[in-house]
Every structure is written in C-alpha cells, then in structure tokens.
Amino acid sequence: MEQNYLTGLNEPQYQAVTTTQGPLMVLAGAGSGKTRVLTMRIAHLITQGISPFHILALTFTNKAAREMKDRIARVVGESDAKSLWMGTFHSVFARILRSEAHYIGFPSNFTIYDTQDSLNVLKKVVKELSLDTDIYKPKKVMARISAYKNNLITVRSYQQNPELIEADERANMKHMGQIYQRYVEQCFKNGAMDFDDLLLRTNEILTRFPEVLAKYQDRFRYILVDEYQDTNHSQYLIVKALASKFENICVVGDDAQSIYSFRGANIYNILNFKKDYPDAVTVSLEQNYRSTQNIVDAANDVIARNTQQFKKNVFSDNEIGEKIKVYRALSDADEAGFVASNIWELHHTKQHRFKDFAILYRTNSQTRAFEDALRKKNIPYRVYGGLSFYQRKEVKDLLAYLRLLVNPNDNEALLRIVNYPARGIGETTLNKLIVASDKENIPLSSLLSSIGFYGKQIGLNSGTVAKLGDFWSLISAFQVLLKEADVYQVAMEVAQRSGLIKFLKDDQTPEGISRVENVQELLNSMRGFIEEQQQLEDGDPSLSNFLGSIALTTDQDQNKDPNADQVSLMTIHLSKGLEFPVVHLVGLEENLFPSFMSSSTREELEEERRLFYVALTRAEKQAFFSYAISRFQWGKITDAEPSRFLSEVRSDFIELLNPARESRFVNHSGLSSSLFDDTSPSVRKFEKKPPKKTLPSSMGSLEPKSKNLKPVATARIINPSGASSENIEVGDKVRHDRFGVGEVLFLDGTDPGNIKAKVLFQNEGEKNLILKFAKLTKL
DNA sequence: CAGGTCGGTGTTTTT
DNA sequence: CACCGACCTG
C-alpha cells in the first residue's frame, strides 16, 4: 500500500486532491499530472471515509478507468477499489440502463447498435419512405439525427420546433422529421439503442422519473469527470442532474485539448463551469512534467493562436531537449520510409525500445504506408483504431446470431443472418415477411416462429415455408442451449451448426483463412470473458453481458500484451491522454492536417490546431514532424503543401533535416520567423518559379519539373532496385548529378528499394538521399 | 435465388 | 483505392 500518497504533489495538485467538498474545476495543462491527481483524489476520498460505493468517475476510455482503478487499489486496497464505479459515459450509463430501461419500455437485454447497424436501419427507412437517396445520404442523415440526440431534441421536440424544421428545409431535407421519427420507432421496436441513445435515454429516465434520479443522486455523492472539455450537451445534463443534490462535482480538463466537437463535444461546458457553479474552486495545473521545454514551448506557440481559451501558462522545468526535426518527404512512401529508418536508428543507437515510439496521424487511411515500411524493416508495431475487430464482417455475422438469441426483436441481426450462409431465403420472401410484420404489427421473429400458421396467408409456397421453419428451429435450438451452456459453448455450436464456419472454410484464399481465424479469435475471447467474469465478485458471464460489453469496447481497451515491444500507430484523436518518449507526427500537409473538411471556419481550424497541440504534447523527449509533397490518395497521386501548422512553430524550436527550396525563399523574404512559409499565396508563388539550377536542395534532382508528380511513381515502378547505385558502401566516394563529389557517411535500410544514404558533399554539405533515386556513381 | 461483375461514389476524427 | 449497390447470368 502506498501510504504517503499525498507527498510529492505540487501545490496546486495537492489542492486538487484535497478539496473534496463542493464543486471543483481542475484545469490541467498537457502533461501536468492530471491522471495522478484524479487517482489520488479518489484514493483520498476513500481514505477520508467516503464509501467507494458513493463515488462515480467518468473517464474517457475504459482502459483509463481500469488503470486508475489499479493504482487506486494500491493505495486503498483491492476490495475498496473494486466497488468504485468507473468507466466511460457510454459504458456506465449502458449499465445503469440495463436496470432502468424498463421505465421507458425497453427490455433490459436491449441491443446496442454500432454505427453500421444504425446506418443500415436508416438506409431502409429512407428507402421505405421512397425518398431520394442522393439527398438523404445515410451518413448525412445519421449525423443530423446524432446532433439532435446529443442536444436532447427528441422527435417530439423536433416537430414542435419550427426553427429546426426550417433549417432542415433550407438544407433541402424537409423529410428529416419523418426519417427521424421512423428511425426512432424502428430502434424501439427492435429493442435497440444507438450510441447517442445511451445518453439520451438516460436523460429521459432521469427527467421523467424523479425516483430514479433520486436513487442515483443519493448513490453518486462524489462525481468526477475527466476530459470535461470533450463532453457534449447530453453528458453535461446527466452530470448536472446527478450532481445537483450534493454538488460534490469535480471536473478535470483542458480547453486546449478539446477535439471532439464533431460528436457534439461542447467546449463551453468547461468554459462556463463557473456559471453553473458560482462557488466552484478552480485549480490550474500548469507545470508540464512530461515533455522537454522545447516541445512545451513549441506547442504553446501554436495554441496561442486560438482565441477561445482560458489563460494558462504551461511550462516545463525539464531539460531543454532537442529541437523538433522536420522531414520533407517526396511521397507518402518516402515519408514512411524515413519514419521507419529513423525508428530503427534510434532503436539501435539510443537504446529506445520500440514501444517508446508512436506514429500519429490525422486519418486512419494513412496507416498503410507506415505498416509497409515497418514490416520491411521487421519493426514490430500495433495499429490502434480503424476497423475494430468486432466490426469485421465475419465477426459481426456470428455476433448477429448471438444477438438474435438474446433479443429476438433485433431485426437488424435477424435480417443479417436469416440467409447467411445462403439457405434459399431470398429478397422476395423477406419482403413479404416484412410487409406482413408491419401490417399486422407482429414481430418478424413471431412470424417465423409460427411460420406454419402464417406462411400461407403471406403467400409463401410450401418450400419456402419449410426453409423458414428450418431456420427458426435452428435458432430455437440455440436458445434452448443458451439456458444450459455457457457463452463459449453456445457460440461454438452456433458457428458450426449455422454452417458459418464451413462456409468460411471453403474459401482458401488468404483473406478467407484470416476470416476463419477471426471467428476463432472471437470464440477465444469468449473464453477469456467467462474467466474474467468468474473472477469478479459481481461478475456476469451471460451472453447478454458479453454482447453489451463488446459494443462499447474500443481497440484501446483490449489489453492484449500491454508489455509488447511494439511501435504504436494511431490517430491523434486516439492518442489523447497517452504519452511516448518519441513521437512522429506525420502527414503535416494542408488539406490533410488541417483536414480539408475542417478548414472553412475559424472554429474548425481552431479545433484542428488543438489537435496539433494534443499530438505534439504526447512527446516526452523527442518529436519529429514530417510531410510529403505528393501523396497517393484516392487512387491518384496528389500534390501537397506543408501544413500551416508547421509555419506556426517558431524556427527556434525546429530543425529541418532536408531543407527544401521553399524554405530558402521564406527565410530571405522575412515574412515570418518560421522556417516555413506563412501564407499560401506565397507558396503558390514559389511553385511557379522553375526550381532548376538555383535550387540545389538534397531532393532537387527528384523534383519533377512540372506539377505533375507521376514521374516519381513511375521511377519507383520501373526501377525498384536502383540499378545504378547497387554496390555503394559506407566510405565510398561518389558523384551526384547535381551535388558533385562526396563521401557516403551512412547507409540505412535492408530493403534494396529503400536504402537511404547520408552523403557529405564537398560543396553542398550533408544530404540524405534515397539510393534508388539518387543515381550516384561510384568513383 | 445465388453469386459474380461492373461502375459509380465518397472519402476526418469515435463512443 | 475501397466500398457498395445495381445489374446480369447461370
């Protein structure tokens, strides 16, 4: 047990931990020991005699909750820590809804729809209402509905709100109300809640049933909310309602790190906390213990350009540290090659473990190039996020069977698997069933269970009736099995007897084999789940609980081999709250970061800038920036310009690894103290200038003469092994077309197509070259 | 009805 | 490029 948990806290940290009564806002700058404060605060509450039963802590990921719980357990002991309620908003309130959903007519076994499920429902609704699918694109419709829900606009309040209706009419979507209504009806009928419902329905119950509110108010006497800057209105109201009795509410956050407005996060929740709780104490944690001074100062430099924020003075007393190194790549592949080589080199020379490195990017689609490059060098890595395991088709298919067992009303699940694997139940048949189900108001599952009775009326022939009957007997058999066997056994049986496994095994392509493996892994994870639940006092190894937990389990939460020595690849969003000794922030290009989707308004740009701030402040010792001047994207090679954020970092903090021609001009132009151009017009100006003879940059020879970058790609394909530079070794004297004579200092890379050379030229200094492009001649 | 192919389309971030 | 849906063929 850690007895002296209060020692070693700085002044504001101490205050944040020990101010236990009344509202408290902790403004925690990046790397200021926020997690430690939260952990110790909870430990302190328990030590002060407050029952863990009365504490609710809402964290941003379930993993964060688990880790904090472990640390708390070390201070106050296992048993006390166990009964704490900690988790994400979604998982905590999903759990509460399981016991309270009956108030609003939902079964406690309600299904949680993920985005894909919701989109499928919406597609059907739009079709059913015979609306134009070009105007009512499912994703767009979904986004609007999500926005309504996150702002607690129910179907009814929508219909009573002329402003909203008008807004949708202006957007040429006057049927939004109808769609919304139908979507909510369908979800209700299916006994399903989408992600937003978990919050909206919680609010509904707390508002409509005072006795439920009172129960949870009395239970959660001490409430802590982490990452408060990223709460949405719905979450805000839940917290406010629960806290209104005791007002022991502690919110922790950093307005400079608010990066989730696209899912309704409202930065004003934190900016206006003082208005909600005039007596609130505010504590600011400003000392950054994580990063070097250079990193902190550079990050401050950038974030200072935002207008909407609290005044803060985040500083570091750590070493000044190395400058941020910037690599200008020719292409996405070149960028990835640089990052991989760099990691390899640092791994060898500086004794960094692979897990010390993170590669952070704006979009998931950027992963591929890095995966390729890391694989080539045999560097172990793990990609976080993206398509999660549970979203894979084959996994969702098996899960759909299981969902149907738990909740027979889940039509999404039913329709997904009724004819998968194929059993001769086609579209015509299903349409007849759906029409009948709607008309007679009989659930699909009931129609199927008595298909012998209904079949004829619906107009099905006897062959079809038999097929449907067989299908339902299969499902019924599984349901019977579910009563006596455990989750794993049931799933195993389902996988086999449904024909799913056999169907998948017939496909012997690599993809097919991997699908079988994924199903196998799902089955294994169920065994793990059962064991895990058996260890818990209040464990629940039911299928229902399994399905509920995986719907809200993110990639992050799956703690497979946390000690594995792997480079982490993830989006900046997912990196929030994490830290790494060495960070590569990649793809720093206009239209990628900041995203072209978020460059039109000041608010959007400020959020992108906060995202940049989050990314940079993940780094402890060293940060690398990189960008590519061309990128393979959407099936084409696209030109790119350096991100404006690069020019927002003062030149004092950065070092260009391979200065580009642009930077020379910028430096001479005196436009900015940055090493990068400040405004896009001048970038354009430089582009028009023919770079040729006056611009001896290391990459100069590779620059295509025109804006069309295809020659680069062609060169790679035609000459993958770099024919002319094959036998070059360290120490060799070489001649380069443009730079003249030099000596090879360093070679890097095992893959012949991607070897880099550092060459010291007599007149031009050190250059980094990719051998296959550089056409060096051995002298 | 099953399964394949073709072509159009959309591309940010996630619970 | 990757995904989806419409359409075509056996």
Side-chain angles (χ1 to χ4, degrees), chain A residues 58-63 87-94 112-120 123 127 133-134 137-140 142-143 146 149-150 193-200 227 230-232 234-235 258-265 332 360-366 368-369 384-388 390-391 393 419-431 461 463-464 467 503 506-507 548-557 570-576 587 591-600 604 607-608 610-612 614-615 631-638:
Chain A
L58 297 164
T59 55
F60 208 69
T61 64
N62 290 311
K63 188 181 167 205
T88 60
F89 270 94
H90 286 88
S91 54
V92 164
F93 293 108
I112 298 173
Y113 276 176
D114 66 17
T115 309
Q116 195 54 57
D117 298 319
S118 302
L119 285 174
N120 288 341
K123 275 180 210 164
K127 216 180 218 172
T133 47
D134 284 337
K137 295 188 201 302
K139 275 192 184 162
K140 219 167 148 188
M142 185 74 221
S146 179
K149 288 188 174 177
N150 285 330
M193 297 203 198
D194 65 20
F195 288 130
D196 302 319
D197 283 331
L198 296 176
L199 308 172
L200 177 71
E227 306 284 5
D230 277 323
T231 50
N232 63 33
S234 199
Q235 293 167 324
S258 171
I259 55 174
Y260 277 100
S261 70
F262 69 91
R263 67 177 205 212
D332 45 355
L360 306 182
Y361 36 79
R362 179 67 176 80
T363 68
N364 282 306
S365 62
Q366 288 167 259
R368 175 166 291 188
Y384 291 82
L387 193 64
S388 98
Y390 297 110
Q391 287 169 351
K393 185 187 176 302
N419 196 36
Y420 185 83
R423 331 186 143 80
I425 300 169
E427 209 189 316
T428 333
T429 307
L430 289 175
N431 277 336
N461 64 41
T464 309
K467 287 178 199 162
F503 182 84
D506 283 346
D507 180 0
S549 68
I550 63 172
L552 300 172
T553 298
T554 64
D555 214 25
Q556 298 275 292
D557 297 327
M570 64 184 83
T571 62
I572 301 165
H573 283 90
L574 283 182
S575 77
K576 190 162 85 155
N591 295 325
L592 181 59
F593 189 24
S595 161
F596 66 100
M597 299 293 287
S598 307
S599 309
S600 52
E604 285 173 342
E607 178 147 323
E608 295 285 308
R610 290 192 292 268
L611 205 46
F612 182 90
V614 168
R631 184 169 286 280
F632 198 70
Q633 207 172 17
W634 311 323
K636 279 187 179 136
I637 291 177
T638 327

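Residue numbers begin at 1 in each chain, while the letters A, B, ... track the order of the sequences. Since this is a predicted model, take the numbers as computed values, not measurements.
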*Which part of the nucleic acid, if any, lies within reach of A:Thr363 when heavy atoms closer than 4.0 Å are counted: base, sugar-phosphate only, or nothing?*
sugar-phosphate
*Taking only the side-chain nitrogens and oxygens of A:Lys636, find out if one of them lies under 4.0 Å from OP1 or OP2 of C:dC1.*
no
_If I pick the C1' atom on B:dT12 and the same atom on C:dG5, what distance separates them, to the nearest angstrom?_
24 Å
*Report yes if a side-chain nitrogen or oxygen of A:Asn364 is closer than 4.0 Å to either non-bridging phosphate oxygen (OP1 or OP2) of B:dT13; otherwise report no.*
yes
*Do A:Arg362 side-chain and B:dT13 base share a donor-acceptor contact under 3.5 Å?*
yes
*Tell me which of A:Phe503 and A:His573 sits closer to the 5' end of DNA chain B, going by the nucleotide each one is nearest to.*
A:Phe503
*Does B:dA2 have OP1 or OP2 sitting under 4.0 Å from an N or O in the side chain of A:Arg423?*
no
*asked:* According to a cutoff of under 5.5 Å between the ring centres and under 30° between the ring planes, does A:Phe262 stack with the base of B:dT13?
replied: yes
*Would one find a side-chain N or O of A:Thr571 under 4.0 angstrom from OP1 or OP2 of B:dT12?*
no
*asked:* It should be established whether A:Ser365 places a side-chain nitrogen or oxygen under 4.0 Å from OP1 or OP2 of nucleotide B:dT12.
replied: no
*Take A:Asp332 and A:Arg368 through the test salt bridge (charged side-chain N to carboxylate O under 4.0 Å, His left out) and record every step on the way to the result.*
CA-CA 10 Å; A:Asp332 45 355; A:Arg368 175 166 291 188; over 6 Å; no
*asked:* Please tell me if A:Asn591 has a side-chain N or O lying less than 4.0 Å from either OP1 or OP2 of B:dT12.
replied: no
_Under-4.0 Å side-chain N/O to phosphate OP1/OP2 contact, A:Ser91 with B:dT15_ = no
*Pick the P atom in C:dC4 and in B:dT13, then give their distance to the nearest Å.*
15 Å
*Does B:dT11 have OP1 or OP2 sitting under 4.0 Å from an N or O in the side chain of A:Lys139?*
yes
*Please give, in whole Å, the distance from B:dT14 P to A:Asn232 CG?*
16 Å
*side-chain N/O A:Lys123 vs C:dG5 OP1/OP2, d < 4.0 Å*: yes
*So, does A:Asn62 use its side chain to make a donor-acceptor pair with the main chain of A:Thr553 at under 3.5 Å?*
no
